[in-house]
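What you see is a predicted model, and the numbers here were worked out from it, not measured in a lab. Indexing begins at 1, ligand by ligand and atom by atom, following the structure's order. Hydrogens, waters and symmetry mates are skipped; everything else that's a heavy atom, side chains included, is used.
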Amino acid sequence: MKKNKIFVACDTTNISKVKEIIKKTQNSKLEIGYKFGLEFLNSKDGRNYLTNIKNKIIFADLKLHDIPNTCVSTIKALKDLKINYLTIHISSGLKALKACKKISSKIKLTGVTILTSLDDKALKEIGFNKQVKKLVYHQARLANKAKLDAIVCSAQEVSIVKKIFKKEIITPGIRFNSKINDQKRVLTPSQAYKKGSDWLVIGRPITKGNIKKNILSLIDHLN
Ligand code: C5P
């Protein structure tokens, strides 16, 4: 049987903590990848650590959001790292997405839609008039046009994204045993897979507290 796929978000600046997360999340029931974001990759030792990591599925969640030239140059600057997935905000625009896709070679260029920490009210505050669901649909069309390899969205929008985007769908904002924290558009792991997510991104519900216990409780939840 195919294993459920999870990216564990390693949101820390502490290398020992990352080692602990990797060690304690190994198990035979799930396929695990590791996501490193702005916090880790901007820390002094973080990037260096990533150059030495072997045989792991690596997700660099840099959420690029800049003009085409800067996004392209940034991806080129990452070429020494063995990255499997890399994120760029779809709101960087079609030109930036296409330019990055042209040079990203083996890295799966992954478009980020509206952050799972935002709801309709927060979007209005920013000045966006469309509702979350409509914006996400719109952005999925753009990701498709730019031939991106994957999309990040809330599990609540997977069915909308699937209408237009046929490749991998990665969903953060997953909660099964703990606080919602700063997330707004959340679902449980089993709900997210049912909707058709290919990968779930889970951070604090796994990495805070007893990691082994959290993984067991996740596996339990999925059975
Ligand atoms: O701890 P938690 O499970 O909320 O972590 C979610 C992770 O997914 C964080 O690393 C966050 O940066 C990332 N993420 C997200 N929402 C997005 C894109 C990425 O929460 N739309």
Side-chain angles (χ1 to χ4, degrees), residues 4-14 17-18 20-22 25 30 32-43 46 50 57-65 83-92 108-120 122-123 126 128 132-133 135-140 142-143 148-158 160-161 165 168-193 195 197-211 214-215 217-218 221-222:
N4 288 318
K5 297 194 274 195
I6 310 263
F7 279 116
V8 179
C10 302
D11 291 327
T12 175
T13 56
N14 186 331
K17 176 74 183 180
V18 170
E20 186 198 355
I21 292 172
I22 292 177
T25 51
L30 304 166
I32 303 269
Y34 295 92
K35 184 178 89 69
F36 299 95
L38 292 168
E39 180 181 357
F40 187 75
L41 291 173
N42 280 305
S43 68
L50 221 55
I57 303 171
I58 300 298
F59 181 167
D61 191 12
L62 282 176
K63 293 197 181 72
L64 304 181
H65 196 191
I83 292 170
N84 302 96
Y85 294 78
L86 171 72
T87 47
I88 177 165
H89 275 287
I90 293 173
S91 54
S92 300
K108 290 189 177 176
L109 193 63
T110 303
V112 178
T113 59
I114 303 297
L115 296 171
T116 45
S117 55
L118 300 174
D119 56 13
D120 284 333
L123 281 189
I126 304 171
F128 291 153
V132 172
K133 287 190 173 15
L135 258 181
V136 170
Y137 179 73
H138 194 88
Q139 293 187 330
L142 220 56
L148 299 192
D149 303 290
I151 270 192
V152 172
C153 63
S154 151
Q156 295 184 8
E157 289 114 37
V158 169
I160 296 171
V161 169
F165 189 82
E168 282 175 84
I169 301 183
I170 304 172
T171 57
I174 303 294
R175 290 297 180 267
F176 58 100
N177 63 354
S178 61
K179 294 185 239 156
I180 282 183
N181 313 106
D182 49 359
Q183 298 284 12
K184 283 274 162 51
R185 304 191 327 276
V186 300
L187 281 187
T188 66
S190 53
Q191 286 171 329
Y193 286 127
K195 295 264 183 198
S197 298
D198 296 291
W199 286 90
L200 312 189
V201 171
I202 310 181
R204 289 160 288 186
I206 290 177
T207 57
K208 297 282 171 219
N210 186 328
I211 299 175
N214 294 339
I215 284 284
S217 118
L218 170 61
H221 161 91
L222 287 169

### Task
Could you tell me whether Asp11 approaches ligand 1 through its side chain, its backbone, both or neither, with non-hydrogen atoms closer than 4.0 Å?
side chain
### Task
Check whether more than 12 heavy atoms from other residues, nucleotides or ligands sit under 6.0 Å from atom NE2 of His138, and answer yes or no.
no
### Summary
All heavy atoms of Val201 vs all of Ile174, minimum pair found to be O-CG1, 3.7 Å
### Query
Which heavy atom of Thr87 sits nearest a heavy atom of Phe59, and at what distance?
CG2-CE2, 3.3 Å
### Message
Between ligand 1 and Lys35, is the shortest N or O to N or O distance under 3.5 Å?
### Response
yes
#### Entry: Ligand-residue contact atoms, ligand 1 with Arg204, heavy atoms, under 4.0 Å
1 (O), 2 (P), 3 (O), 4 (O)
### Query
Which is it for Asp61 and ligand 1 at heavy atoms under 4.0 Å: side chain, backbone, both or neither?
side chain
### Task
First locate atom CG of Leu41, then atom CG of Leu62, and finally report the distance between them rounded to the nearest 0.5 Å.
5.0 Å
### Message
Which residue and atom name correspond to the protein heavy atom nearest atom 16 (N) of ligand 1, and how close is it?
### Response
Thr116 OG1, 2.8 Å
### Task
List the steps and the verdict of side-chain contact (heavy atoms from CB on, under 4.5 Å) for Ile206 and Ile215.
CA-CA 6 Å; Ile206 290 177; Ile215 284 284; 4.1 Å; yes
### Task
Check ligand 1 against Leu115 and write out every atom of the ligand that is under 4.0 Å from a heavy-atom position of the residue.
17 (C), 21 (N)
### Message
Can you tell me if Pro205 contacts ligand 1 (heavy atom of the residue under 4.0 Å from the ligand)?
### Response
yes
### atom 17 (C) of ligand 1: the protein heavy-atom neighbour that sits closest, reported with distance to 0.1 Å
Pro172 CG, 3.5 Å
### Between OG1 on residue Thr171 and CD on residue Gln156, distance to nearest 0.5 Å
10.5 Å
### Task
First locate atom CD of Glu157, then atom OG1 of Thr113, and finally report the distance between them rounded to the nearest 0.5 Å.
6.0 Å
### Message
Which residue and atom name correspond to the protein heavy atom nearest atom 6 (C) of ligand 1, and how close is it?
### Response
Gln183 NE2, 3.7 Å
### Query
If you measure from each non-hydrogen atom of Lys208 to ligand 1, which part falls under 4.0 Å: side chain, backbone, both or neither?
neither
### Task
Look at atom 19 (C) of ligand 1 and say which protein heavy atom is nearest, naming residue and atom and giving the distance to 0.1 Å.
Lys63 NZ, 3.1 Å
### Message
Give the atom numbers and elements of ligand 1 that come within less than 4.0 Å of a heavy atom of Arg175.
### Response
1 (O), 2 (P), 3 (O), 4 (O)
### Summary
So CG of Asp119 and CD1 of Ile114: to nearest 0.5 Å the spacing works out to 11.5 Å
### Query
Taking atom CZ of Phe165 and atom SG of Cys153, what is their separation to the nearest 0.5 Å?
9.5 Å
### Message
Would Gly203 count as a polar contact of ligand 1, with the cut-off being nitrogen or oxygen pairs under 3.5 Å?
### Response
yes
#### Entry: Atom indices of ligand 1 within 4.0 angstrom of Val201 heavy atoms, with elements
7 (C), 8 (O)
